[in-house]
Chemist: 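Starting off with a structure, shown below.
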Amino acid sequence: MILHTLIDYDTLRVIWWLLLGVLLIGFAVMDGFDLGTDILLPFVARTDLERRVVINSVGPVWEGNQVWLILGGGAIFAAWPPLYAVSFSGFYLAMFAILFALILRPVGFKYRSKRDSALWRGAWDWALFIGGLVPALVMGVAVGNVLQGVPFHLNNDLRIFYDGTTLFELLNPFGLLCGLLSVAMLVMHGAGWLVLKTQGDVAVRSRMAGSVAAVLTIALFALGGVWLWFGDEGYRITGGIVAGGPSNPLAKTVELAPGAWFANYAAHPWMLAGPALGLVGALACLVLLRVRAEIGALLASAVSIFGIIATVGLSMFPFILPSSLDPGSSLTVWDASSSHLTLFIMLVVTVIFIPIIVAYTTWVYRVLWGKVDARAIQNDSSHAY
(Lines give C-alpha, C1' and ligand atoms only; values in the text may rest on other atoms or scores of the structure.)
Protein backbone atom coordinates (compact mmCIF):
# COMPACT_ATOMS: atom_id res chain seq x y z
CA MET A 1 0.00 0.00 0.00
CA ILE A 2 2.97 2.32 -0.44
CA LEU A 3 2.16 3.04 -4.09
CA HIS A 4 0.42 6.25 -3.09
CA THR A 5 3.79 7.74 -2.20
CA LEU A 6 4.56 7.87 -5.93
CA ILE A 7 2.51 11.10 -6.05
CA ASP A 8 3.09 13.80 -3.45
CA TYR A 9 0.20 14.71 -1.17
CA ASP A 10 0.16 18.34 -2.34
CA THR A 11 0.14 17.20 -5.99
CA LEU A 12 -2.76 14.83 -5.35
CA ARG A 13 -4.70 17.67 -3.76
CA VAL A 14 -4.26 19.83 -6.84
CA ILE A 15 -5.18 16.91 -9.10
CA TRP A 16 -8.42 16.41 -7.17
CA TRP A 17 -9.16 20.12 -7.24
CA LEU A 18 -8.82 19.92 -11.03
CA LEU A 19 -10.92 16.75 -11.23
CA LEU A 20 -13.66 18.34 -9.15
CA GLY A 21 -13.69 21.22 -11.64
CA VAL A 22 -13.83 18.77 -14.54
CA LEU A 23 -16.80 16.94 -13.00
CA LEU A 24 -18.71 20.16 -12.29
CA ILE A 25 -18.03 21.45 -15.80
CA GLY A 26 -19.01 18.05 -17.19
CA PHE A 27 -22.34 18.29 -15.37
CA ALA A 28 -22.93 21.88 -16.55
CA VAL A 29 -22.13 21.01 -20.17
CA MET A 30 -23.78 17.60 -20.43
CA ASP A 31 -26.85 18.13 -18.24
CA GLY A 32 -26.89 21.87 -18.85
CA PHE A 33 -28.52 21.65 -22.27
CA ASP A 34 -31.22 19.41 -20.73
CA LEU A 35 -31.98 22.07 -18.14
CA GLY A 36 -31.86 24.81 -20.76
CA THR A 37 -34.20 22.85 -23.02
CA ASP A 38 -36.69 22.42 -20.16
CA ILE A 39 -36.61 26.17 -19.49
CA LEU A 40 -37.24 26.92 -23.16
CA LEU A 41 -40.01 24.33 -23.58
CA PRO A 42 -43.06 26.60 -23.01
CA PHE A 43 -41.63 29.38 -25.18
CA VAL A 44 -40.10 27.83 -28.30
CA ALA A 45 -42.82 25.21 -28.83
CA ARG A 46 -46.41 26.38 -29.26
CA THR A 47 -48.28 23.28 -30.34
CA ASP A 48 -48.47 19.91 -28.64
CA LEU A 49 -46.46 18.26 -31.39
CA GLU A 50 -43.74 20.92 -31.21
CA ARG A 51 -43.47 20.42 -27.47
CA ARG A 52 -43.17 16.68 -27.95
CA VAL A 53 -40.37 17.33 -30.42
CA VAL A 54 -38.53 19.44 -27.84
CA ILE A 55 -39.01 16.83 -25.12
CA ASN A 56 -37.89 13.99 -27.39
CA SER A 57 -34.73 15.90 -28.29
CA VAL A 58 -33.44 15.28 -24.73
CA GLY A 59 -35.64 12.34 -23.72
CA PRO A 60 -33.16 9.57 -24.62
CA VAL A 61 -30.09 11.23 -23.03
CA TRP A 62 -31.06 13.27 -19.96
CA GLU A 63 -30.80 10.36 -17.51
CA GLY A 64 -27.30 9.46 -18.66
CA ASN A 65 -26.21 13.08 -18.47
CA GLN A 66 -27.02 13.23 -14.76
CA VAL A 67 -24.22 10.77 -14.02
CA TRP A 68 -21.94 13.84 -13.92
CA LEU A 69 -23.98 15.28 -11.04
CA ILE A 70 -23.62 12.00 -9.13
CA LEU A 71 -19.89 11.90 -9.82
CA GLY A 72 -19.47 15.50 -8.66
CA GLY A 73 -21.38 14.90 -5.43
CA GLY A 74 -19.43 11.68 -4.81
CA ALA A 75 -16.12 13.43 -5.40
CA ILE A 76 -16.99 16.18 -2.90
CA PHE A 77 -18.04 13.57 -0.31
CA ALA A 78 -14.94 11.42 -0.64
CA ALA A 79 -12.18 13.88 -1.54
CA TRP A 80 -13.29 16.98 0.39
CA PRO A 81 -15.33 15.82 3.46
CA PRO A 82 -15.44 19.24 5.22
CA LEU A 83 -16.65 20.86 2.00
CA TYR A 84 -19.41 18.27 1.75
CA ALA A 85 -20.37 18.76 5.40
CA VAL A 86 -20.65 22.55 5.19
CA SER A 87 -22.26 22.85 1.77
CA PHE A 88 -24.81 20.05 2.12
CA SER A 89 -25.86 21.19 5.60
CA GLY A 90 -25.60 24.96 5.18
CA PHE A 91 -27.32 24.90 1.79
CA TYR A 92 -29.82 22.27 2.94
CA LEU A 93 -32.97 24.12 1.88
CA ALA A 94 -31.37 25.10 -1.43
CA MET A 95 -30.38 21.47 -2.03
CA PHE A 96 -33.92 20.37 -1.18
CA ALA A 97 -35.33 22.83 -3.73
CA ILE A 98 -32.94 21.44 -6.37
CA LEU A 99 -33.84 17.87 -5.46
CA PHE A 100 -37.58 18.60 -5.68
CA ALA A 101 -37.11 20.20 -9.10
CA LEU A 102 -34.98 17.31 -10.36
CA ILE A 103 -37.66 14.85 -9.22
CA LEU A 104 -40.22 16.74 -11.32
CA ARG A 105 -38.19 16.12 -14.47
CA PRO A 106 -38.40 12.31 -14.76
CA VAL A 107 -42.06 12.36 -13.70
CA GLY A 108 -42.78 15.03 -16.29
CA PHE A 109 -40.99 13.15 -19.05
CA LYS A 110 -42.74 9.87 -18.26
CA TYR A 111 -46.28 11.11 -17.56
CA ARG A 112 -46.65 14.18 -19.77
CA SER A 113 -48.05 12.35 -22.82
CA LYS A 114 -49.91 9.60 -20.97
CA ARG A 115 -53.21 11.46 -21.30
CA ASP A 116 -54.58 13.28 -24.33
CA SER A 117 -55.64 16.33 -22.33
CA ALA A 118 -54.47 19.89 -22.97
CA LEU A 119 -54.75 20.75 -19.27
CA TRP A 120 -52.81 17.65 -18.20
CA ARG A 121 -50.03 18.14 -20.73
CA GLY A 122 -49.81 21.87 -20.11
CA ALA A 123 -49.38 21.30 -16.37
CA TRP A 124 -46.52 18.87 -16.97
CA ASP A 125 -44.91 21.26 -19.45
CA TRP A 126 -44.71 23.88 -16.71
CA ALA A 127 -43.47 21.23 -14.28
CA LEU A 128 -40.62 20.51 -16.68
CA PHE A 129 -39.98 24.26 -16.91
CA ILE A 130 -39.66 24.43 -13.11
CA GLY A 131 -37.48 21.31 -13.18
CA GLY A 132 -35.05 23.16 -15.44
CA LEU A 133 -35.24 26.67 -13.99
CA VAL A 134 -34.88 25.95 -10.27
CA PRO A 135 -31.63 23.91 -10.45
CA ALA A 136 -30.08 26.39 -12.89
CA LEU A 137 -31.01 29.37 -10.72
CA VAL A 138 -30.22 27.90 -7.29
CA MET A 139 -26.86 26.46 -8.32
CA GLY A 140 -25.83 29.87 -9.63
CA VAL A 141 -27.03 31.53 -6.43
CA ALA A 142 -24.97 29.03 -4.43
CA VAL A 143 -21.81 29.86 -6.41
CA GLY A 144 -22.43 33.57 -5.82
CA ASN A 145 -22.64 32.96 -2.07
CA VAL A 146 -19.47 30.87 -2.11
CA LEU A 147 -17.60 33.78 -3.71
CA GLN A 148 -18.83 36.07 -0.93
CA GLY A 149 -18.12 33.59 1.83
CA VAL A 150 -20.43 31.25 3.73
CA PRO A 151 -21.40 31.86 7.39
CA PHE A 152 -19.72 28.94 9.18
CA HIS A 153 -16.89 28.44 11.64
CA LEU A 154 -14.84 25.64 13.18
CA ASN A 155 -14.16 25.16 16.88
CA ASN A 156 -10.86 23.92 18.29
CA ASP A 157 -11.97 20.31 17.75
CA LEU A 158 -12.62 21.06 14.05
CA ARG A 159 -16.36 20.64 14.54
CA ILE A 160 -18.27 22.59 11.90
CA PHE A 161 -20.99 25.07 12.84
CA TYR A 162 -23.16 26.70 10.20
CA ASP A 163 -24.56 30.01 11.43
CA GLY A 164 -26.78 30.96 8.51
CA THR A 165 -30.49 31.48 8.91
CA THR A 166 -32.88 30.85 6.02
CA LEU A 167 -32.91 30.17 2.30
CA PHE A 168 -33.72 33.82 1.69
CA GLU A 169 -30.34 34.77 3.14
CA LEU A 170 -28.80 33.23 0.04
CA LEU A 171 -30.95 35.41 -2.22
CA ASN A 172 -28.74 38.47 -1.85
CA PRO A 173 -28.08 40.78 -4.83
CA PHE A 174 -24.78 39.23 -5.91
CA GLY A 175 -26.12 35.71 -5.41
CA LEU A 176 -29.14 36.51 -7.59
CA LEU A 177 -26.85 38.01 -10.24
CA CYS A 178 -24.90 34.75 -10.37
CA GLY A 179 -28.17 32.81 -10.46
CA LEU A 180 -29.40 34.81 -13.45
CA LEU A 181 -26.03 34.29 -15.16
CA SER A 182 -26.39 30.55 -14.63
CA VAL A 183 -29.89 30.56 -16.13
CA ALA A 184 -28.80 32.65 -19.15
CA MET A 185 -25.77 30.43 -19.71
CA LEU A 186 -27.79 27.20 -19.69
CA VAL A 187 -30.59 28.67 -21.81
CA MET A 188 -27.95 29.61 -24.37
CA HIS A 189 -26.64 26.03 -24.25
CA GLY A 190 -30.13 24.52 -24.45
CA ALA A 191 -30.97 26.71 -27.43
CA GLY A 192 -27.81 25.50 -29.16
CA TRP A 193 -28.95 21.92 -28.60
CA LEU A 194 -32.44 22.57 -29.94
CA VAL A 195 -31.11 24.32 -33.05
CA LEU A 196 -29.01 21.21 -33.66
CA LYS A 197 -31.77 18.67 -32.99
CA THR A 198 -34.96 20.32 -34.33
CA GLN A 199 -36.28 21.86 -37.53
CA GLY A 200 -38.76 24.47 -38.66
CA ASP A 201 -40.38 26.96 -36.29
CA VAL A 202 -38.93 25.38 -33.16
CA ALA A 203 -35.39 25.81 -34.48
CA VAL A 204 -36.12 29.41 -35.54
CA ARG A 205 -37.48 30.35 -32.11
CA SER A 206 -34.62 28.53 -30.39
CA ARG A 207 -32.11 30.46 -32.46
CA MET A 208 -33.67 33.74 -31.38
CA ALA A 209 -33.86 32.70 -27.72
CA GLY A 210 -30.25 31.51 -27.79
CA SER A 211 -29.09 34.80 -29.27
CA VAL A 212 -30.78 36.77 -26.47
CA ALA A 213 -29.38 34.38 -23.85
CA ALA A 214 -25.86 34.74 -25.28
CA VAL A 215 -26.05 38.53 -25.01
CA LEU A 216 -27.32 38.24 -21.42
CA THR A 217 -24.55 35.77 -20.58
CA ILE A 218 -21.90 38.21 -21.77
CA ALA A 219 -23.49 41.16 -19.95
CA LEU A 220 -24.10 39.34 -16.65
CA PHE A 221 -20.65 37.70 -16.63
CA ALA A 222 -18.97 41.05 -17.22
CA LEU A 223 -21.17 42.71 -14.58
CA GLY A 224 -20.22 40.02 -12.06
CA GLY A 225 -16.53 40.73 -12.66
CA VAL A 226 -17.02 44.46 -12.22
CA TRP A 227 -19.05 43.84 -9.04
CA LEU A 228 -16.23 41.78 -7.50
CA TRP A 229 -13.61 44.31 -8.56
CA PHE A 230 -15.32 47.37 -7.08
CA GLY A 231 -17.60 45.83 -4.47
CA ASP A 232 -17.04 42.64 -2.53
CA GLU A 233 -13.75 41.81 -0.85
CA GLY A 234 -11.96 38.56 -1.53
CA TYR A 235 -9.93 36.25 0.70
CA ARG A 236 -6.19 35.64 0.81
CA ILE A 237 -3.91 33.46 2.91
CA THR A 238 -1.35 35.37 4.97
CA GLY A 239 0.49 32.47 6.59
CA GLY A 240 0.48 29.08 8.24
CA ILE A 241 -0.34 26.97 5.18
CA VAL A 242 1.55 23.73 4.46
CA ALA A 243 0.63 22.33 1.05
CA GLY A 244 1.58 18.75 1.93
CA GLY A 245 0.61 18.78 5.59
CA PRO A 246 -2.33 17.30 7.51
CA SER A 247 -5.81 18.68 6.83
CA ASN A 248 -6.31 21.32 9.52
CA PRO A 249 -8.07 24.49 8.32
CA LEU A 250 -7.32 26.31 11.60
CA ALA A 251 -3.55 26.12 11.09
CA LYS A 252 -3.54 29.06 8.66
CA THR A 253 -4.36 32.76 8.84
CA VAL A 254 -6.63 34.46 6.31
CA GLU A 255 -7.64 38.06 5.74
CA LEU A 256 -10.21 39.91 3.68
CA ALA A 257 -8.77 42.24 1.07
CA PRO A 258 -10.25 44.29 -1.80
CA GLY A 259 -9.55 42.72 -5.17
CA ALA A 260 -8.14 39.52 -3.65
CA TRP A 261 -10.10 37.34 -6.09
CA PHE A 262 -8.08 38.94 -8.91
CA ALA A 263 -4.63 38.32 -7.39
CA ASN A 264 -4.16 34.99 -9.17
CA TYR A 265 -4.50 36.66 -12.56
CA ALA A 266 -1.68 39.09 -11.77
CA ALA A 267 0.54 36.27 -10.47
CA HIS A 268 -0.36 33.81 -13.25
CA PRO A 269 -1.51 35.66 -16.41
CA TRP A 270 -2.34 32.38 -18.18
CA MET A 271 -5.37 32.12 -15.87
CA LEU A 272 -6.96 34.96 -17.83
CA ALA A 273 -7.83 32.25 -20.35
CA GLY A 274 -10.79 31.36 -18.06
CA PRO A 275 -12.74 34.63 -18.26
CA ALA A 276 -11.62 35.10 -21.88
CA LEU A 277 -13.16 31.76 -22.88
CA GLY A 278 -16.33 32.63 -20.98
CA LEU A 279 -16.81 35.84 -22.95
CA VAL A 280 -15.45 34.71 -26.32
CA GLY A 281 -17.42 31.45 -26.20
CA ALA A 282 -20.72 33.27 -25.63
CA LEU A 283 -19.92 35.81 -28.36
CA ALA A 284 -19.00 33.02 -30.76
CA CYS A 285 -22.24 31.20 -29.91
CA LEU A 286 -24.20 34.38 -30.72
CA VAL A 287 -22.49 34.76 -34.10
CA LEU A 288 -22.73 31.06 -34.99
CA LEU A 289 -26.41 30.94 -34.10
CA ARG A 290 -27.08 33.86 -36.43
CA VAL A 291 -25.18 32.24 -39.34
CA ARG A 292 -26.86 28.87 -38.62
CA ALA A 293 -23.68 26.97 -37.81
CA GLU A 294 -25.47 24.43 -35.62
CA ILE A 295 -22.63 22.26 -34.31
CA GLY A 296 -20.33 25.25 -33.88
CA ALA A 297 -22.93 27.15 -31.82
CA LEU A 298 -23.37 24.23 -29.40
CA LEU A 299 -19.61 23.79 -29.02
CA ALA A 300 -19.14 27.53 -28.50
CA SER A 301 -21.74 27.57 -25.71
CA ALA A 302 -19.91 24.63 -24.09
CA VAL A 303 -16.65 26.62 -24.28
CA SER A 304 -18.39 29.57 -22.61
CA ILE A 305 -19.65 27.33 -19.79
CA PHE A 306 -16.15 25.92 -19.36
CA GLY A 307 -14.67 29.40 -19.16
CA ILE A 308 -17.25 30.80 -16.73
CA ILE A 309 -16.98 27.90 -14.27
CA ALA A 310 -13.19 27.79 -14.61
CA THR A 311 -13.09 31.51 -13.81
CA VAL A 312 -14.67 30.86 -10.41
CA GLY A 313 -12.20 28.10 -9.56
CA LEU A 314 -9.15 29.98 -10.81
CA SER A 315 -10.15 33.18 -9.01
CA MET A 316 -10.63 31.41 -5.67
CA PHE A 317 -7.65 29.02 -5.74
CA PRO A 318 -6.58 27.67 -3.29
CA PHE A 319 -9.86 28.42 -1.49
CA ILE A 320 -12.77 26.04 -2.08
CA LEU A 321 -15.17 27.44 0.56
CA PRO A 322 -14.36 30.72 2.35
CA SER A 323 -15.94 31.56 5.71
CA SER A 324 -17.53 34.99 6.03
CA LEU A 325 -17.75 34.69 9.84
CA ASP A 326 -14.26 33.43 10.59
CA PRO A 327 -11.90 33.72 7.59
CA GLY A 328 -9.40 31.47 9.37
CA SER A 329 -11.94 28.61 9.18
CA SER A 330 -12.07 28.85 5.38
CA LEU A 331 -11.52 25.59 3.55
CA THR A 332 -8.71 25.39 1.00
CA VAL A 333 -7.19 22.83 -1.32
CA TRP A 334 -4.35 22.34 1.16
CA ASP A 335 -6.29 21.74 4.37
CA ALA A 336 -9.73 20.27 3.59
CA SER A 337 -8.97 17.05 1.73
CA SER A 338 -9.11 13.39 2.60
CA SER A 339 -5.94 11.45 3.40
CA HIS A 340 -3.07 10.87 0.98
CA LEU A 341 -4.02 7.21 0.53
CA THR A 342 -7.72 7.97 -0.01
CA LEU A 343 -7.00 10.50 -2.73
CA PHE A 344 -4.64 8.08 -4.46
CA ILE A 345 -7.13 5.18 -4.45
CA MET A 346 -9.84 7.48 -5.76
CA LEU A 347 -7.51 8.68 -8.51
CA VAL A 348 -6.85 5.11 -9.64
CA VAL A 349 -10.59 4.37 -9.75
CA THR A 350 -11.25 7.62 -11.63
CA VAL A 351 -8.56 6.90 -14.23
CA ILE A 352 -10.24 3.56 -14.91
CA PHE A 353 -13.90 4.56 -15.00
CA ILE A 354 -14.01 8.09 -16.42
CA PRO A 355 -12.73 6.93 -19.87
CA ILE A 356 -15.39 4.20 -19.84
CA ILE A 357 -18.12 6.75 -19.10
CA VAL A 358 -16.84 9.10 -21.80
CA ALA A 359 -16.60 6.28 -24.35
CA TYR A 360 -20.11 5.03 -23.60
CA THR A 361 -21.54 8.56 -23.74
CA THR A 362 -19.82 9.19 -27.06
CA TRP A 363 -21.28 5.96 -28.47
CA VAL A 364 -24.80 6.88 -27.29
CA TYR A 365 -24.69 10.30 -28.91
CA ARG A 366 -23.35 8.80 -32.12
CA VAL A 367 -26.23 6.32 -32.24
CA LEU A 368 -28.78 9.06 -31.54
CA TRP A 369 -27.28 11.56 -33.97
CA GLY A 370 -29.67 13.48 -36.20
CA LYS A 371 -32.77 15.65 -36.10
CA VAL A 372 -35.90 14.71 -34.17
CA ASP A 373 -38.58 13.74 -36.70
CA ALA A 374 -42.05 15.08 -35.86
CA ARG A 375 -43.73 12.56 -38.16
CA ALA A 376 -41.97 9.67 -36.43
CA ILE A 377 -43.28 10.91 -33.08
CA GLN A 378 -46.84 11.05 -34.44
CA ASN A 379 -46.57 7.55 -35.91
CA ASP A 380 -44.95 5.93 -32.85
CA SER A 381 -46.71 7.39 -29.84
CA SER A 382 -46.11 4.26 -27.75
CA HIS A 383 -42.32 4.78 -27.62
CA ALA A 384 -41.95 8.55 -28.02
CA TYR A 385 -42.42 10.93 -25.10
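Atoms considered below: every heavy atom in the structure, side chains included; atoms not considered: hydrogens, waters and symmetry mates. Quick note: residue numbers are just sequence positions, from 1. Everything numeric here is computed off the predicted structure, so don't read it as measured data.
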Chemist: For residues Ala266 and Pro269, report the shortest heavy-atom separation together with the two atoms involved.
Modeler: O-CD, 4.1 Å

Chemist: With a 6.0 Å cut-off on ring centres, are Phe43 and Phe129 close enough?
Modeler: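 Under 6.0 Å, so yes.
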
Chemist: Got a second to check how far Leu176's CG is from Leu137's CG, nearest 0.5 Å?
Modeler: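 Answer for the CG-CG pair, Leu176 versus Leu137, is 7.0 Å.
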
Chemist: Is a side-chain donor or acceptor of Thr217 paired with a backbone partner of Ala282 at a separation under 3.5 angstrom?
Modeler: no

Chemist: Parallel, tilted or perpendicular: which fits the ring planes of Trp193 and Phe33, with parallel below 30° and perpendicular above 60°?
Modeler: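 Parallel, since the angle between the ring planes stays under 30°.
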
Chemist: With a 4.5 Å heavy-atom cut-off, do Pro135 and Leu102 have their side chains touching?
Modeler: yes

Chemist: Rounded to the nearest 0.5 Å, what separation is found between the OH atom of Tyr365 and the CG atom of Leu368?
Modeler: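 One finds 8.5 Å between OH of Tyr365 and CG of Leu368.
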
Chemist: Which distance, rounded to the nearest 0.5 Å, do you find between the CG of Leu19 and the CH2 of Trp17?
Modeler: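 Atom-to-atom, Leu19:CG and Trp17:CH2 are 11.0 Å apart.
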
Chemist: Is the closest side-chain donor-acceptor distance between Arg366 and Thr361 under 3.5 Å?
Modeler: no

Chemist: Give the ring-plane orientation class for Trp334 versus Phe317, where under 30° counts as parallel, over 60° as perpendicular and anything between as tilted.
Modeler: perpendicular

Chemist: Got a sec: does the CD1 of Ile356 have more than 12 other heavy atoms crowding it under 6.0 Å?
Modeler: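 Yes, enclosed.
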
Chemist: Decide side chain to side chain contact (heavy atoms under 4.5 Å, CB included) for Ile130 and Asp38; before the verdict, give the C-alpha distance in whole Å, the side-chain angles of both, and the deciding distance to 0.1 Å.
Modeler: CA-CA 8 Å; Ile130 293 171; Asp38 290 343; over 6 Å; no

Chemist: One thing to verify: whether Glu294 and Lys371 come together as a salt bridge, which I'm taking to mean a side-chain N less than 4.0 angstrom from a carboxylate O.
Modeler: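 Salt bridge flag = yes for Glu294 with Lys371.
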
Chemist: Please assess Trp124 against Phe109 for the test ring pair (Phe, Tyr, Trp, His ring centres under 6.0 Å), listing each intermediate value before the final yes or no.
Modeler: CA-CA 8 Å; Trp124 284 116; Phe109 282 126; over 10 Å; no

Chemist: Taking the side chain from Ser323 and the backbone from Phe152, do they hold a donor-acceptor pair closer than 3.5 Å?
Modeler: yes

Chemist: Are the side chain of Lys197 and the backbone of Gly370 linked by a donor-acceptor contact shorter than 3.5 Å?
Modeler: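 It does hold such a pair.
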
Chemist: In a table with atom names and distances, give each donor-acceptor pair under 3.5 Å that connects a side chain of residues 177-192 to protein atoms at least two apart or in another chain.
Modeler:
{"unit_1": "Ser182", "atom_1": "OG", "unit_2": "Ala136", "atom_2": "O", "d": "2.6"}
{"unit_1": "His189", "atom_1": "ND1", "unit_2": "Ser301", "atom_2": "OG", "d": "2.6"}
{"unit_1": "His189", "atom_1": "NE2", "unit_2": "Val29", "atom_2": "O", "d": "2.9"}

Chemist: Does a sphere of radius 6.0 Å around CZ in Phe88 hold more than 12 heavy atoms from other residues, nucleotides or ligands, not counting ones at 6.0 Å or beyond?
Modeler: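 Counting other residues, nucleotides and ligands, CZ of Phe88 exceeds 12 neighbours.
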
Chemist: Does Gly59 offer a backbone N or O that forms a donor-acceptor pair with the side chain of Asn56 under 3.5 Å?
Modeler: no

Chemist: When you measure from the side chain of Asp157 to the backbone N and O of Arg159, does any donor-acceptor pair fall under 3.5 Å?
Modeler: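 No; judged by distance alone, with no hydrogens or angles, the pair does not exist.
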
Chemist: Using the benzene-type ring in the case of Trp, are the ring centres of Phe77 and Tyr84 under 6.0 Å apart?
Modeler: yes

Chemist: Hey, are Ser113 and Arg121 close enough side-chain-wise for a donor-acceptor pair under 3.5 Å?
Modeler: no

Chemist: With a 4.5 Å cut-off on side-chain heavy atoms, are Ile55 and Leu128 touching?
Modeler: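 Leu128 reaches Ile55 side chain to side chain.
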
Chemist: With side chains defined as the heavy atoms from C-beta onward, is the minimum distance between Trp229 and Trp261 less than 4.5 Å?
Modeler: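 Sidechains of Trp261 and Trp229: no contact.
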
Chemist: Applying the 4.5 Å side-chain criterion to the ILVMFWY set and letting contacts propagate, would Val146 and Leu223 be lumped into a single cluster?
Modeler: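 Linked, Val146 and Leu223 end up in one cluster.
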
Chemist: Indicate whether any N or O donor in one side chain lies under 3.5 Å from an N or O acceptor in the other, for Tyr9 and Ser339.
Modeler: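 Distance-only check fails for Tyr9 and Ser339.
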
Chemist: Could you tell me whether the side chain of Asn172 and the main chain of Leu170 form a donor-acceptor pair under 3.5 Å?
Modeler: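 Yes; at least one donor-acceptor contact below 3.5 Å.
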
Chemist: When you look at CZ of Phe306, are more than 12 heavy atoms from neighbouring residues, nucleotides or ligands closer to it than 6.0 Å?
Modeler: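 Counting neighbours around CZ of Phe306, 12 or fewer heavy atoms of other residues, nucleotides or ligands fall under 6.0 Å, so no.
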
Chemist: Before accepting this row, confirm whether a basic side-chain N of the pair Arg112/Asp48 lies closer than 4.0 Å to the acidic partner's carboxylate O.
Modeler: yes

Chemist: Can a salt bridge be assigned to the pair Asp31 and Arg105 using a cut-off of 4.0 Å between side-chain N and carboxylate O?
Modeler: yes

Chemist: Can you tell me how far CG of Leu23 sits from CD1 of Ile354, rounded to the nearest 0.5 angstrom?
Modeler: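 Reported value, rounded in 0.5 Å steps: 5.5 Å.
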
Chemist: With sequence neighbours left out, write down each residue that passes side chain to side chain donor-acceptor pair (under 3.5 Å) with Arg236, or none if nothing qualifies.
Modeler: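 Checked Arg236 against side chain to side chain donor-acceptor pair (under 3.5 Å); matches are Glu255.
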
Chemist: Is the CZ atom of Phe353 crowded by more than 12 outside heavy atoms at less than 6.0 Å?
Modeler: no

Chemist: For Arg205, what residues pass the side chain to side chain donor-acceptor pair (under 3.5 Å) criterion, not counting sequence neighbours?
Modeler: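 If we apply the side chain to side chain donor-acceptor pair (under 3.5 Å) test to Arg205, skipping adjacent residues, the hits are Glu50.
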
Chemist: Side chains of Thr37 and Ser57, heavy atoms from C-beta outward: is any pair under 4.5 Å?
Modeler: yes

Chemist: Could you go through the side chain to side chain contact (heavy atoms under 4.5 Å, CB included) check for Ile218 and Leu283 one step at a time?
Modeler: CA-CA 7 Å; Ile218 295 169; Leu283 180 60; 4.0 Å; yes

Chemist: Do you reckon Ile7 sits in the same ILVMFWY cluster as Ile352, going by side-chain contacts under 4.5 Å, direct or chained?
Modeler: yes

Chemist: Is it true that, when you exclude Met208 itself, more than 12 heavy atoms of the residues, nucleotides or ligands shown sit nearer than 6.0 Å to its CE?
Modeler: no

Chemist: Quick one: does Leu41's side chain get under 4.5 Å of Trp126's, heavy atoms only?
Modeler: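 No - every pair of side-chain heavy atoms lies 4.5 Å or more apart.
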
Chemist: Is Met139 linked to Ile70 within one hydrophobic cluster, defined over Ile, Leu, Val, Met, Phe, Trp and Tyr using a side-chain heavy-atom separation of less than 4.5 Å?
Modeler: no

Chemist: Does a donor on one side chain sit under 3.5 Å from an acceptor on the other, for Asp335 and Asn248?
Modeler: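 Side-chain D/A pair, Asp335 to Asn248: absent.
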
Chemist: State, yes or no, whether a side-chain contact exists between Arg290 and Arg207 at a heavy-atom distance under 4.5 Å.
Modeler: yes

Chemist: Would you please test Leu331 and Phe319 for side chain to side chain contact (heavy atoms under 4.5 Å, CB included) and show each step?
Modeler: CA-CA 6 Å; Leu331 307 180; Phe319 291 92; over 6 Å; no

Chemist: Would you confirm whether Asn264, through its side chain, and Leu314, through its main-chain N or O, come within 3.5 Å as a donor-acceptor pair?
Modeler: yes

Chemist: So, taking the atom named OH in Tyr235 and the one named OG1 in Thr332, what distance separates them when rounded to the nearest 0.5 Å?
Modeler: 14.0 Å

Chemist: Just by distance, do the side chain of Arg13 and the backbone of Ala243 share a donor-acceptor pair under 3.5 Å?
Modeler: yes

Chemist: Check whether Thr342 reaches the backbone of Ser338 with its side chain - one donor and one acceptor, N or O, closer than 3.5 Å.
Modeler: no

Chemist: Do side-chain atoms of Ser87 reach the backbone of Leu83 as a donor and acceptor pair under 3.5 angstrom?
Modeler: yes

Chemist: Can you list the steps and then say if Phe27 with Ile309 is a side chain to side chain contact (heavy atoms under 4.5 Å, CB included)?
Modeler: CA-CA 11 Å; Phe27 166 69; Ile309 296 177; over 6 Å; no

Chemist: Does some side-chain heavy atom of Leu228 sit less than 4.5 Å from a side-chain heavy atom of Phe174?
Modeler: yes

Chemist: Check whether Trp80 and Tyr92 end up in the same hydrophobic cluster, where Ile, Leu, Val, Met, Phe, Trp and Tyr are linked by side-chain heavy atoms less than 4.5 Å apart.
Modeler: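 Trp80 and Tyr92: one cluster.
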
Chemist: Below 4.5 Å, heavy atoms only, C-beta onward: do Ser304 and Ile308 meet side chain to side chain?
Modeler: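 Counting from C-beta outward, Ser304 and Ile308 do come under 4.5 Å.
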
Chemist: Report yes if the distance between the aromatic ring centroids of Tyr111 and Trp120 is under 6.0 Å, otherwise no.
Modeler: no

